[in-house]
Protein chains: 2
Amino acid sequence: MSLGDPALQTPGDTAQCCPSLVEAPLDDAEADELATIFAALADPVRCKLVSLIAAAGEACACDLVDPVRKSQPTVSHHTKVLAEAGLIRGERRGRWVWWSVVPERLAAVCSALTRATPD
Amino acid sequence: MSLGDPALQTPGDTAQCCPSLVEAPLDDAEADELATIFAALADPVRCKLVSLIAAAGEACACDLVDPVRKSQPTVSHHTKVLAEAGLIRGERRGRWVWWSVVPERLAAVCSALTRATPD
DNA sequence: TGCCAACATTGACGGATGTCGATATGGCAC
DNA sequence: GTGCCATATCGACATCCGTCAATGTTGGCA
């Protein structure tokens with residue numbers, strides 16, 4: 001149970017929406033949830049991976065190792081973190097895994113940042 | 001030089017805008033810049049602080065310690081991290097410091113997340 | 001069946017980060 | 001001036017996290 005289970009499909013219980021950062025004070029659980037999502041983006045290698053995948057539409061994992069100049073296990077670790085945050089999604093095709101962004105998830109994070117912000 | 005200098009005013013060289021995460025592959029500097037901003041939000045205490053300040057419009061530092069149940073030095077550390085990321089801004093009034101969010105900065109982060117995202 | 005390629009997992013290491021007590025700084029009131 | 005209060009900084013500690021070599025697992029191909 002290595003490739004199939006944890007990160008490849010979008011987790012069923014991960015709502016696309018997330019609590020608003022600016023509407024009302026967060027409780028502990030909401031703060032943890034938001035912090036986890038932001039933590040997934042709080043690494044330059046992972047930012048690069050998202051940008052590579054987003055710019056290409058989708059990207060094979062084997063094409064991500066060279067651009068970020070990290071080892072294959074390191075890249076695999078980072079894609080797992082991003083996938084568990086619901087930001088990217090992987091699909092197995094033969095021996096390869098193709099990654100794509102989850103635009104609704106990115107939009108939900110965006111919404112959490114600005115909802116009810118007084119301009 | 002404790003209160004005035006580093007974090008209280010918005011740093012002049014911190015642009016409100018930030019590189020897009022999804023338009024094109026990021027170079028090293030852009031990835032570092034974005035990751036730093038997200039890292040500022042990648043802690044549940046800091047998420048709570050932003051939500052408290054945003055919900056109140058502005059908030060005195062002395063009113064932030066109790067809600068997050070952390071020590072005063074810890075809260076001061078977190079507000080400094082948020083201010084250095086340009087997400088909040090502090091203003092000294094007498095003995096107190098009043099914090100407010102920088103909505104343009106939040107909007108810029110939001111924009112980086114969704115710009116050119118195919119929906 | 002056996003081999004190989006792509007990807008995931010494990011274990012270990014070093015550096016970064018959250019936390020707090022103690023202390024320093026700055027400002028107001030007396 | 002002295003004393004007090006709000007906030008920032010420092011130093012130390014424990015924990016978390018990014019990284020890689022080694023290894024495991026899965027899928028295609030001969």
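Every chain is numbered from 1, with letters handed out A, B, ... down the list of sequences.
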Exercise for the section: Would you please say whether a donor-acceptor pair under 3.5 Å links the side chains of B:Ser76 and B:Thr79? Expected result: no
Completion exercise
When rounded to whole Å, the CG to P distance for the pair B:Asp43 and C:dA16 reads 18 Å
Handout entry: Rounded interatomic separation in angstrom, taking CH2 from B:Trp96 and P from D:dT7
Key = 8 Å
Practice task
Establish, with yes or no, whether the OP1 or OP2 oxygen of C:dC7 is under 4.0 angstrom from a side-chain nitrogen or oxygen of A:Ser76.
Solution key: no
Problem - Member of A:Val45, A:Leu49, A:Val97 meeting the side-chain contact (heavy atoms from CB on, under 4.5 Å) criterion with A:Leu64 - result: A:Leu49
Handout entry: Closest listed nucleotide, where the reference is the side chain of B:Thr79 and the choices are D:dA6, C:dT9, D:dA8
Key = D:dA8
Completion exercise
The nucleotide from C:dA8, C:dA6, C:dG26 with an atom nearest the side chain of B:Arg95 is C:dG26
Practice task
Could you check how far NE2 of A:His77 sits from P of D:dC16, rounded to whole Å?
Solution key: 14 Å
Handout entry: Atom pair distance, as rounded to whole Å: NZ in B:Lys80 and P in C:dT19
Key = 16 Å
Handout entry: Rounded interatomic separation in angstrom, taking CG from B:Leu49 and C1' from C:dT19
Key = 14 Å
Completion exercise
Among the nucleotides C:dG27, C:dC4, D:dT7, whichever has the atom closest to the side chain of B:Val97 is D:dT7
Practice task
Kindly say whether B:Ala40 contributes a backbone atom to a donor-acceptor pair with the side chain of B:Arg46 at under 3.5 angstrom?
Solution key: yes
Handout entry: Ionic contact status for B:Arg89 with B:Glu58, cut-off 4.0 Å
Key = no
Problem - Options D:dA8, D:dT19, D:dG27, nucleotide nearest the side-chain atoms of A:Val45 - result: D:dT19
Practice task
Could you tell me which residues satisfy side chain to side chain contact (heavy atoms under 4.5 Å, CB included) with A:Asp28, sequence neighbours excluded, listed by chain and number?
Solution key: B:Lys48, B:Arg69
Practice task
Whole angstrom is fine here: how far is it from CG in B:Asp32 over to C1' in D:dG18?
Solution key: 14 Å
Handout entry: Integer-rounded Å distance: C:dG18 C1' and B:Arg46 CZ
Key = 8 Å
Handout entry: Any A:Ile53 side-chain heavy atom under 4.5 Å of A:Leu82 side chain
Key = no
Practice task
Please work out if B:Arg93 contacts a base, only the sugar-phosphate, or nothing of the nucleic acid, heavy-atom cut-off 4.0 Å.
Solution key: nothing
Exercise for the section: Go through C:dC20, C:dA5, D:dT7 for me and flag the one nearest to the B:Ala61 side chain. Expected result: D:dT7
Practice task
Taking only heavy atoms on the protein side, list every residue of residues 65-73 of chain A lying under 4.0 Å from any atom of DNA chain D, sorted numerically.
Solution key: A:Lys70, A:Ser71, A:Pro73
Handout entry: Taking every non-hydrogen atom, the tightest pair across A:Pro44 and B:Ala35
Key = N-CB, 3.4 Å
Practice task
Looking at every strand, decide which applies to A:His78 at a 4.0 Å heavy-atom threshold: base, sugar-phosphate, or nothing.
Solution key: sugar-phosphate
Exercise for the section: Figure out the CD/C1' separation between A:Glu84 and C:dT9, and round it to whole Å. Expected result: 13 Å
